[in-house]
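It should be emphasised that the depicted structure is a prediction, and the values quoted were computed from it without experimental measurement. Remember, it's 1-based here, ligands and their atoms both numbered in the order they're listed.
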Amino acid sequence: MEENYSFIPYHHVRYSDQETIKRSEEHYRYLNTRRTVRNFSPDPVPLEAIDHIILSASTAPSGANKQPWIFCVVTNQEIKAQIRVAAEEEEYLSYHGRMKDEWVKDLAHLGTNWQKPFLETAPLLIAIFRKSYNLENGQKTSNYYVTESVGIACGMLLEAIHYCGLVALTHTPSPMNFLNAILKRPENEKPFLLIPVGYPEKETLVPDIKRKGLGEVCVKY
Ligand code: IYR
């Protein structure tokens with residue numbers, strides 16, 4: 001039996017070539033001002049903005065439109081403290097033997113170490129989980145291209161955070177299973193990234209690093 005699936009008109013805005021080029025350059029210049037920040041001010045952020053930021057991320061394309069993500073927003077100071085303790089336990093082991101020497105050397109110029117005070121200082125943490133499958137009333141259903149989908153959503157999240165004048169850190173404590181226990185997330189949800197969000201500490205510094213030029217990241221055929 002043929003099913004009736006509905007399609008609706010797509011509303012598209014088409015710019016002139018000149019306007020297209022202008023917008024692309026402006027957007028690049030704007031995105032190029034984003035920096036990962038590791039020192040946060042404790043100033044609170046308006047939580048209504050966080051809702052919009054998460055809705056923005058959740059507009060990302062996803063395999064079969066399954067939207068296989070969940071964004072956990074943590075502002076509770078006690079929970080942040082628990083996350084810090086658990087993350088630092090893992091990171092201590094990582095920085096003291098689990099990461100090979102080459103990796104530790106590659107990170108040296110960023111000034112990172114096993115200590116993660118930002119997990120308590122930042123006014124909020126967004127823990128993103130990928131749903132490797134769905135689990136509803138004991139029933140398992142499939143998701144597709146989960147890593148790709150959630151990665152795209154996180155990129156859009158970072159852009160939305162930047163657009164609002166907030167800063168973020170894409171933190172990757174490893175392994176991150178402790179997030180399931182602390183945030184009481186079900187087994188089908190796997191932690192993907194832990195992103196402190198807020199305002200930068202006054203006069204914070206960031207590493208003096210360069211982005212690759214077009215010739216290094218793009219090949220034209
Ligand atoms: N997860 C550790 C180590 C780390 C790894 C990479 I690759 C970085 O770009 C930065 C840090 C940490 O968060 O410190």
Does an N or O anywhere in Arg38 fall below 3.5 Å from an N or O of ligand 1?
no

Got the closest protein heavy atom to atom 13 (O) of ligand 1, with its distance?
His171 ND1, 3.0 Å

Give the residue and atom name of whichever protein heavy atom lies nearest to atom 2 (C) of ligand 1, and the separation in Å to one decimal.
Glu91 OE1, 2.7 Å

Give the atoms of ligand 1, by number and element, whose distance to some non-hydrogen atom of Thr172 is under 4.0 Å.
1 (N)

Numbered in order shown, the ligand 1 atoms found under 4.0 Å of a heavy atom of Leu107 are 3 (C), 4 (C), 5 (C), 6 (C), 8 (C), 9 (O), 10 (C), 11 (C)

Asn180 side-chain N/O to Glu187 backbone N/O, donor-acceptor pair under 3.5 Å
no

Would you tell me whether Asn134 and Asn143 have side-chain atoms, one donor and one acceptor, within less than 3.5 Å of each other?
yes

Measure the shortest side-chain to side-chain distance between Leu119 and Pro196 over non-hydrogen atoms and say whether it is less than 4.5 angstrom.
yes

Distance only, no hydrogens: is a donor on one side chain within 3.5 Å (strictly under) of an acceptor on the other, for Ser58 and Trp69?
yes

Heavy atom of the protein closest to atom 7 (I) of ligand 1 (residue, atom name, distance)
Trp103 NE1, 3.6 Å

Parallel, tilted or perpendicular: which describes the rings of Phe118 and His171, with under 30° parallel and over 60° perpendicular?
perpendicular

Working to the nearest 0.5 Å, report the span between OG1 of Thr172 and CG of Leu169.
8.5 Å

Measuring from the heavy atoms of Tyr95, does anything fall under 4.0 Å of ligand 1?
yes

Pairs of nitrogen or oxygen atoms closer than 3.5 Å, one from Lys116 and one from ligand 1: do any exist?
yes

